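Structure, as structure tokens:
Below, chain A is the first sequence line, B the second, and so on; all start at residue 1. Computed from a predicted structure; not experimentally measured.
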Amino acid sequence: MAEQIVQKPFVVAIAGPTATGKTAAAVSVAKALGGEVLSMDSMQIYRGLSIGTAAPTAEEMQGVPHHLLGFRPPETPYSVAEYQRDARQAMADVLARGRLPVFTGGTGLYLQAVSHPLRFTESGGDSAVRQRLQQEAEAPEGPQKLLMRLAVVDPESAQRLHQNNTRRIIRALEVFEQTGRAMSESNTDWREQPDEHWLIFALTMPRDALRKRIAARVDAMLSRGLIDEVRALLSGGVPRDAQALQAIGYKEIIAMLDGQLTEKEAVEAIRTHTAQYAKRQMTWLRGDPRVRWLDVTDYPDTETLHTALAQWIRNEMERIHAEHR
RNA sequence: AGGGGUGUCGUCCAGCGGCAGGACUCUGGUCUCCAAAACCAGGUACGGGAGUUCGAAUCUCUCCACCCCUG
């Protein structure tokens, strides 16, 4: 009996901290290997947040199809669970067209959600329940009480959470109240293998260089009209506490428009917050053994980097093909 | 040149004779449910020298640096 070889499809992901050139690299790789780009960025999914999230412009896309960008109204919250569903659908579509999915973006959890068979609760956020729990958390001894309550209904989650992390404690309690089941019950084993061969790369550079890139990028955002973009969102009726407006670059400009910060202070705050975010992105990726790192400063120019990256991907694909023969 | 003031982590500030502390920054980390979020952990300082004292960041003298005022 001839053995039926079911070849898993290849999927590429280009991750890394912000401002390292992921967007351009993804487009290059997609062009070189016949791919389409899929965003894995928790803020670029919102419509109207282009400048501050450094979403690719039409010119930067160079004719390569892009997915999962700017499709969500900014007044609506979005979540990993929804991203997982949307991203897998988009990935399946790209594969059905016989093209290579090239994910790119900096949201670590989103990468995990698409590249691992994780399962999330169906229930979305319930603001009434959430508000009530938040009030309870603010009472004296509130956090302790909430954690003890969680320990009764969902001991596994309670054990993993620090008492001060009321945000996650509240979410776990909320899920239990809505579904009657412990959040941890739906957890799947990390060791379950995905249905695709994931080739995951991360672009990086020394911290000082990154800081300079970030500073320059924030200046560029302002000169491209970030303040007007924020004004337009606000006058379009997006509430100030919308999840979309908690993004770096937006919350600070809003504080400036409200007179709480000078423009100089706002710019400084955006830079600092972006650098801190970049640090957390690195921490996240360092913990993933699948990630192959590329220090962009090791390459004389981006063209060389892109060529090397595309070649690396081809080699990996060939190696995996050979293994499965 | 004369008079006054200030020198404490990278930054801003507390400590005013008895173990040098906080906030922010920074560094490392956590993570299957708001993730550009939330949370945890860690490092670093008394301007230099001399004196008083059992004991000095703290009191005295001196030098240095910076700020203000007068000329």
- Query: Out of A:L95, A:V12, A:V114, which one pairs with A:P101 under the side chain to side chain contact (heavy atoms under 4.5 Å, CB included) rule?
  - Reply: A:L95

- Could you check how far CG of A:D241 sits from P of B:C34, rounded to whole Å? 16 Å

- Task: For the pair A:K264 and A:E268, find out whether any cationic side-chain nitrogen is under 4.0 Å from an anionic carboxylate oxygen.
- Result: no

- Assign each of A:K279 and A:Y110 to its nearest nucleotide of RNA chain B by heavy atoms, then name whichever residue's nucleotide is nearer the 5' end. A:K279

- Item | Spacing of the P atoms in B:A38 and B:A56 (rounded, Å) | 45 Å

- Does B:G42 have a Watson-Crick or wobble mate here (both distances under 3.5 Å), and if so which one? B:C26

- Query: Distance only, no hydrogens: is a donor on one side chain within 3.5 Å (strictly under) of an acceptor on the other, for A:Y250 and A:Q246?
  - Reply: no

- Query: Between A:Y277 and A:A81, who's closer to the 5' end of RNA chain B by nearest nucleotide?
  - Reply: A:A81

- Query: For RNA chain B, which residues in residues 209-240 of chain A have a heavy atom at a distance below 4.0 Å?
  - Reply: A:R211

- Query: For A:L161 and B:A35, what is the distance between atoms CG and P respectively, to the nearest whole Å?
  - Reply: 16 Å

- Message: Going by ring pair (Phe, Tyr, Trp, His ring centres under 6.0 Å), name the residues that satisfy it together with A:Y46, two or more places apart in sequence or in a different chain.
- Response: none

- Can you tell me, in whole Å, how much space there is between the P of B:A45 and that of B:U8? 14 Å

- Message: Going by purine N1 to pyrimidine N3 plus the second Watson-Crick contact, or the G-U wobble pair, all under 3.5 Å, which nucleotide sits opposite B:U6?
- Response: B:A65

- Ignoring backbone atoms, establish whether A:R168 has a side-chain N or O less than 4.0 Å from OP1 or OP2 of B:C34. no

- Nucleic acid contacts of residues 249-262 of chain A, taken as heavy-atom distances under 4.0 Å to RNA chain B: A:K251

- Task: Verify the contact: side-chain N or O of A:S79 to OP1 or OP2 of B:C34, cut-off strictly under 4.0 Å; return yes or no.
- Result: no

- Query: Looking at residues at least two apart in the chain, or sitting in another chain, which of them share a ring pair (Phe, Tyr, Trp, His ring centres under 6.0 Å) with A:W293?
  - Reply: none

- Summary of salt bridge (charged side-chain N to carboxylate O under 4.0 Å, His left out) pairs that have at least one residue in residues 216-241 of chain A, sequence neighbours excluded: A:D219-A:R271, A:D228-A:R231, A:R240-A:D258

What does the list of N/O pairs under 3.5 Å between the protein and nucleotides 39-43 of chain B look like, with a distance for each?
from: B:C39; atom 1: O4'; to: A:N165; atom 2: OD1; distance (Å): 3.4
from: B:C40; atom 1: OP1; to: A:N164; atom 2: ND2; distance (Å): 2.4

- Query: Does the side chain of A:R314 pick up a donor-acceptor pair with the side chain of A:Q311 at under 3.5 Å?
  - Reply: yes

- How far, in whole Å, is B:G22 from B:A14 if one measures between their C1' atoms? 7 Å

- Query: Has A:Q144 got more than 12 heavy atoms of other residues, nucleotides or ligands less than 6.0 Å from its CD?
  - Reply: yes

- Which pairs with one or both residues in residues 96-113 of chain A pass salt bridge (charged side-chain N to carboxylate O under 4.0 Å, His left out), sequence neighbours excluded? A:E36-A:R97, A:E36-A:R99

- Item | Pairwise P distance, B:C59 and B:C24 [rounded to whole Å] | 30 Å

- Sorted by chain and residue number, the ring pair (Phe, Tyr, Trp, His ring centres under 6.0 Å) partners of A:Y83 (sequence neighbours excluded) come out as A:Y110

- Message: In this structure, how many angstroms lie between the P atom of B:C26 and the CZ atom of A:R271, rounded?
- Response: 13 Å

- Query: For A:R181, does the CZ atom sit with more than 12 other heavy atoms under 6.0 Å from it, leaving out its own atoms?
  - Reply: no

- Is any side-chain N or O of A:Q276 closer than 4.0 Å to OP1 or OP2 of B:U25? yes

- Item | B:G7 and B:C46, which share atom name C1', separated by this distance in whole Å | 10 Å

- Item | Integer angstrom distance from the P of B:C9 to that of B:A57 | 15 Å

- Could you tell me whether A:R160 contacts a base, only the sugar-phosphate backbone, or nothing, with contacts defined as non-hydrogen atoms closer than 4.0 Å? sugar-phosphate

- Here the distance between atom P of B:U30 and atom CE of A:M282, to the nearest Å, is 14 Å

- Under the side chain to side chain donor-acceptor pair (under 3.5 Å) test, residues paired with A:T53 that sit two or more places apart: none

- Within the structure shown, what part of the strands sits under 4.0 Å from A:Q134 by heavy-atom distance: base, sugar-phosphate, or nothing? base

- Query: When you check the phosphate oxygens OP1 and OP2 of B:A35, does a side-chain N or O of A:Q243 lie under 4.0 Å from one of them?
  - Reply: yes

- Task: May I ask you to check whether over 12 heavy atoms, not counting those of A:Q260, lie within 6.0 Å of atom CD?
- Result: yes

- Item | Phosphate OP1/OP2 of B:G28: any A:R207 side-chain N/O under 4.0 Å | yes

- Task: Determine the Euclidean distance between corresponding C1' atoms of B:U6 and B:C39; express it in Å to zero decimal places.
- Result: 40 Å

- Measure from the side chain of A:V80, starting at C-beta and using heavy atoms only, and say which of B:G28, B:C31, B:C33 lies closest. B:C33

- Can you tell me how far P of B:U32 sits from CD of A:E82, to the nearest Å? 19 Å

- Query: To the nearest angstrom, how far is A:L285 atom CG from B:G29 atom P?
  - Reply: 12 Å

- Item | P spacing across the pair B:U52 / B:C19, given as an integer number of angstrom | 23 Å

- Message: What is the separation between atom CZ on A:F120 and atom C1' on B:A35, rounded to the nearest whole Å?
- Response: 10 Å

- Rounded to the Å, how far apart are A:Y83 OH and B:C34 C1'? 17 Å

- Approximate separation, where rounding is to 0.5 Å, of A:H306 NE2 and A:L294 CG: 10.0 Å

- Task: With a 4.0 Å heavy-atom cut-off, tell me which residues in residues 43-56 of chain A come close to RNA chain B, sorted by residue number.
- Result: A:M43, A:G52, A:T53

- Message: Can you pull out every salt bridge (charged side-chain N to carboxylate O under 4.0 Å, His left out) where at least one residue sits in residues 42-53 of chain A? Sequence neighbours excluded, please.
- Response: none

- Item | Qualifying salt bridge (charged side-chain N to carboxylate O under 4.0 Å, His left out) pairs, either residue in residues 67-79 of chain A, two or more places apart | A:R72-A:E82

